[in-house]
Amino acid sequence: MGIKGLTKLIADNAHGAVKEQKFENYFGRKIAIDASMSIYQFLIVVGRSGSELLTNDAGEVTSHLQGMFNRTIRVLEAGLKPVYVFDGQPPDLKKRELAKRFARREDAAEDLVTAKETGNEADVEKYSKKTVKVTKQHNEDCRKLLRLMGVPVVEAPSEAEAECASLCKAEKVFAVASEDMDSLTYGSTRFLRHLMEPTSRKLPVLEFDIAKVLEGLGLNMDQFVDLCILCGCDYCDTIRGIGPQTALKMIRQHGSLEIVLENLNKDRYQVPDPWPYQEARRLFKEPLVTPPEKVPEFKWTAPDTEGLRQLLVEENGFNNDRVMKAIEKLKVAKNKASQGRLESFFGVSSSSSNKRKEAPDSEASAGKQVKTAAAVKPAKAASKKGPAKGGKKK
DNA sequence: ACTCTGTATCAAGACGGT
DNA sequence: ATAATTGATACAGAGT
DNA sequence: ACCGTCC
């Protein structure tokens with residue numbers, strides 16, 4: 001469920017914290033992506049008709065592979081450097097919420113059976129979507145695919161969103177791309193929504209800057225976390241009668257959940273019992289993540305052509321020609337991206353620090369990259385911090 | 001009147017040929 | 001045994 | 001841009 005009403009709250013109260021961007025502006029940027037969420041969407045939509053999905057000869061689902069393969073090529077072709085982050089064990093506090101969702105899905109499963117019996121097509125459609133689940137196998141399939149594609153994979157110890165935020169805070173990645181507003185609560189410094197939409201000509205990318213969000217809301221980070229808990233998150237029930245507006249007002253007025261609770265009119269509002277807001281707070285502020293110094297340097301390497309052919313064509317019945325053509329695109333994209341990073345670096349710093357001159361580069365695509373570099377220009381020196389690997393070991 | 005919350009409902013990818 | 005979405009939107013209804 | 005297909 002993310003954080004209830006947070007998008008609107010930010011839009012209304014922190015104007016300027018969100019910028020519209022173009023997909024292309026992230027050329028050369030390392031971007032952390034929550035893999036489980038992507039897989040879920042692919043399973044819902046890729047080649048699904050009723051409860052049928054794309055499958056191989058053995059009847060195993062392949063929709064997630066199809067979706068992940070195409071999308072990742074697309075991302076790499078745009079010069080982005082994706083890091084896919086997979087979920088680990090959910091925290092105990094989330095178990096109750098998960099149980100609720102499980103129950104909801106059980107209901108949907110029953111409704112699906114009924115819909116199938118009565119031949120109600122629309123309902124079959126509806127309930128099929130609701131009964132989709134991402135299995136361990138789906139996750140393993142995608143990790144294998146991504147490794148063969150030469151794309152880095154991170155296995156989070158717990159929540160993927162928390163791990164993404166940690167990578168972002170430690171400047172291991174430039175931004176986190178997700179549809180889940182929790183990312184901000186976990187403290188992602190730069191957060192992208194609708195990253196994929198512009199490619200299908202729908203919405204612009206929305207880039208959230210957490211510092212400006214805080215500034216606009218008039219809160220510090222601790223207070224922002226408290227606000228999110230009060231609005232409603234995965235870890236706590238809400239206080240009936242308090243929504244986003246009231247939550248913001250109260251946190252602004254009192255400064256912390258403790259003081260809000262002290263001053264709360266108990267006749268008017270009933271606080272759930274128990275209401276483990278302190279644990280929730282801890283999960284947002286000190287989630288279980290890989291310590292940044294233990295995160296290896298990410299590398300985007302050449303695809304393993306034969307491995308990919310084996311996995312997709314031999315094991316999963318993908319069309320050989322399509323796969324081979326896609327792998328070619330992949331190789332081209334990889335080459336372009338590695339030289340493009342260099343060039344966009346030049347573009348950014350050309351006026352100030354243009355000391356290196358040995359760019360062994362640039363033929364065909366120079367014009368395009370100039371444009372990209374110019375667009376990206378504003379203030380990025382910080383994230384350039386460690387493009388090479390040496391610095392941090394231990 | 002207005003503001004806010006709670007509930008229900010919906011949609012969700014990407015390619016290639018035309 | 002091993003999976004547990006999400007946010008936007010529209011509308012109803014409660015409270016101020 | 002639309003639409004069938006991807007497996």
Side-chain angles (χ1 to χ4, degrees), chain A residues 1-9 11-12 34 36-49 52-75 77 87-90 94-109 122-123 125-126 128-140 159-161 178-183 193-194 196-197 199-203 206 231-234 238-249 268-269 312-323 325-326 329:
Chain A
M1 157 226 295
I3 308 300
K4 218 187 332 172
L6 185 57
T7 311
K8 193 167 185 306
L9 208 56
D12 294 346
D34 178 349
S36 307
M37 187 64 52
S38 306
I39 295 170
Y40 187 83
Q41 314 247 37
F42 293 142
L43 289 176
I44 287 177
V45 80
V46 176
R48 188 192 47 77
S49 156
E52 304 289 304
L53 294 123
L54 305 182
T55 57
N56 60 20
D57 288 343
E60 295 156 336
V61 170
T62 56
S63 292
H64 56 310
L65 292 172
Q66 178 84 318
M68 186 66 86
F69 188 53
N70 288 327
R71 171 172 290 183
T72 303
I73 288 170
R74 193 165 238 227
V75 166
E77 279 186 308
D87 266 314
Q89 277 270 289
K94 201 171 179 178
K95 296 267 161 70
R96 256 192 16 212
E97 171 64 24
L98 294 179
K100 273 192 232 163
R101 296 177 189 173
F102 177 74
R104 246 179 280 151
R105 227 189 45 204
E106 296 264 277
D107 293 345
D123 277 5
E125 206 45 34
K126 182 160 91 181
S128 294
K129 284 193 259 188
K130 291 190 180 177
T131 49
V132 163
K133 60 187 155 202
V134 179
T135 66
K136 200 180 213 178
Q137 187 63 51
H138 296 141
N139 279 287
E140 277 172 25
E159 304 256 61
E161 291 295 348
S178 171
E179 299 312 312
D180 188 340
M181 295 298 288
D182 281 357
S183 289
R193 289 192 78 197
H194 309 148
M196 295 303 158
E197 304 282 354
T199 63
S200 46
R201 299 185 208 100
K202 291 181 204 161
L203 304 165
L206 294 184
C231 286
C233 66
D234 285 346
T238 53
I239 298 175
R240 184 160 247 274
I242 298 181
Q245 308 293 329
T246 313
L248 178 59
K249 205 186 308 168
R268 183 157 154 204
Y269 299 111
L312 297 176
V313 180
E314 304 300 333
E315 293 172 27
N316 287 289
F318 280 51
N319 177 288
N320 187 70
D321 290 348
R322 284 180 216 249
V323 169
K325 231 184 279 178
K329 286 203 278 184

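All chains are named by letter (A, B, ...) in the order of the sequence lines, taking the proteins before the strands, and each is independently numbered beginning at 1.
- With both ends at atom P, the span from dA12(B) to dC3(D) equals 15 Å, rounded to whole Å.
- At dA3(C), none of the side-chain N or O atoms of Arg101(A) fall inside 4.0 Å of OP1 or OP2 (strictly under the cut-off).
- Nearer to the 5' terminus of DNA chain D, by closest-nucleotide assignment, is the contact made by Arg201(A) (compared with the other of Arg201(A) and Val46(A)).
- Residue Lys129(A) is in base contact, counting any heavy-atom pair closer than 4.0 Å across all strands shown.
- Base contact: Tyr40(A) has a heavy atom under 4.0 Å from a base atom.
- For Lys136(A) and Met181(A), each mapped to the nucleotide of DNA chain C holding its nearest heavy atom, the one lying further toward the 5' end belongs to Lys136(A).
- Remark: P of dT5(C) and CG of Asp87(A) are 11 Å apart, rounded to the nearest angstrom.
- Within the 4.5 Å cutoff, side-chain heavy atoms of Phe42(A) are placed close to those of Ser38(A).
- Looking at Asp123(A) and Lys126(A), their side chains come closer than 4.5 Å, going by heavy atoms from C-beta outward.
- In this structure, Lys249(A) atom NZ and dT3(B) atom P are separated by 11 Å, rounded to whole Å.
- Looking at heavy atoms from C-beta onward, Asp87(A) lies out of side-chain contact with Met37(A) at the 4.5 angstrom threshold.
- Annotation: Lys95(A), atom NZ; neighbour count of heavy atoms from other residues, nucleotides and ligands within 6.0 Å is above 12.
- Legend: residues meeting salt bridge (Lys or Arg N to Asp or Glu O under 4.0 Å) with Lys8(A), ordered by chain and number and at least two apart, are Asp12(A).
- Annotation: side chain of Thr7(A) is in contact with side chain of Arg193(A) (closest heavy-atom distance under 4.5 Å).
- By the 4.5 Å heavy-atom criterion applied to side chains, Met68(A) and Ile39(A) are counted as neighbours.
- The only member of His138(A), Lys133(A), Gln137(A) that meets side-chain hydrogen bond (donor to acceptor under 3.5 Å, both in side chains) when paired with Thr135(A) is His138(A).
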Which atoms of nucleotides 16-18 of chain B (N or O only) lie under 3.5 Å from a protein N or O atom, and what are those distances?
none

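- For Lys133(A), counting side-chain heavy atoms from C-beta on, the closest listed nucleotide (dA12(B), dG7(C), dA4(C)) is dA4(C).
- Side chain of Phe102(A), nearest nucleotide from dG13(B), dA4(C), dT6(C): dA4(C).
- A 4.0 Å heavy-atom criterion places the boundary nucleotides of DNA chain D facing chain A at dC6(D) to dC7(D), written 5' to 3'.
- Contact of the Glu179(A) side chain with the His194(A) side chain is registered, since non-hydrogen atoms from C-beta on lie closer than 4.5 Å.
- Rounded to whole angstrom, the span from the CG atom of Asp234(A) across to the P atom of dT5(C) amounts to 9 Å.
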Stepwise, does the side chain to side chain contact (heavy atoms under 4.5 Å, CB included) test hold for Gln66(A) with Thr62(A)?
CA-CA 6 Å; Gln66(A) 178 84 318; Thr62(A) 56; 5.7 Å; no
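- Atom C1' of nucleotide dG7(C) and atom CD of Glu161(A) are separated by 13 Å, given to the nearest angstrom.
- Just one of Lys4(A), Lys100(A), Arg101(A) meets the salt bridge (Lys or Arg N to Asp or Glu O under 4.0 Å) condition when paired with Asp234(A); it is Arg101(A).
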Polar pairs (N or O, both sides) under 3.5 Å between protein and nucleotides 5-9 of chain B?
from	atom 1	to	atom 2	distance (Å)
dT5(B)	OP1	Gly243(A)	N	2.1
dT5(B)	OP1	Gly243(A)	O	2.9
dT5(B)	OP1	Pro244(A)	N	3.4
dT5(B)	OP1	Thr246(A)	OG1	3.1
dT5(B)	O5'	Gly243(A)	N	3.4
dG6(B)	OP1	Gly241(A)	N	2.9
dG6(B)	O3'	Arg240(A)	NH2	3.3
dT7(B)	OP1	Arg240(A)	NH2	3.4

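- Nucleotides dA4(C) and dT18(B) place their P atoms 40 Å apart, quoted to the nearest Å.
- Nearer to the 5' terminus of DNA chain C, by closest-nucleotide assignment, is the contact made by Gln137(A) (compared with the other of Arg104(A) and Gln137(A)).
- Near-neighbour residues of DNA chain C inside residues 55-67 of chain A, defined by a heavy atom below 4.0 Å, are absent.
- Taking the C1' atoms as reference points, dG16(B) lies 35 Å from dA3(C), given to the whole Å.
- We find that CG of Leu54(A) is positioned 11 Å from C1' of dG13(B), with the value rounded to whole Å.
- Following rounding to the nearest Å, Glu125(A) (CD) and dA12(B) (P) show an atom-to-atom distance of 11 Å.
- Computed from coordinates, the Ile3(A) CD1 to dT6(C) C1' distance equals 12 Å when rounded to whole Å.
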Protein proximity profile, nucleotides 8-16 of chain C - base contact B, sugar-phosphate-only contact S, no contact -, cut-off 4.0 Å on heavy atoms:
S-------S
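- Looking at Leu248(A) and Leu9(A), their side chains come closer than 4.5 Å, going by heavy atoms from C-beta outward.
- Rounded to an integer number of Å, the gap from Asp182(A) CG to dT5(C) C1' is 11 Å.
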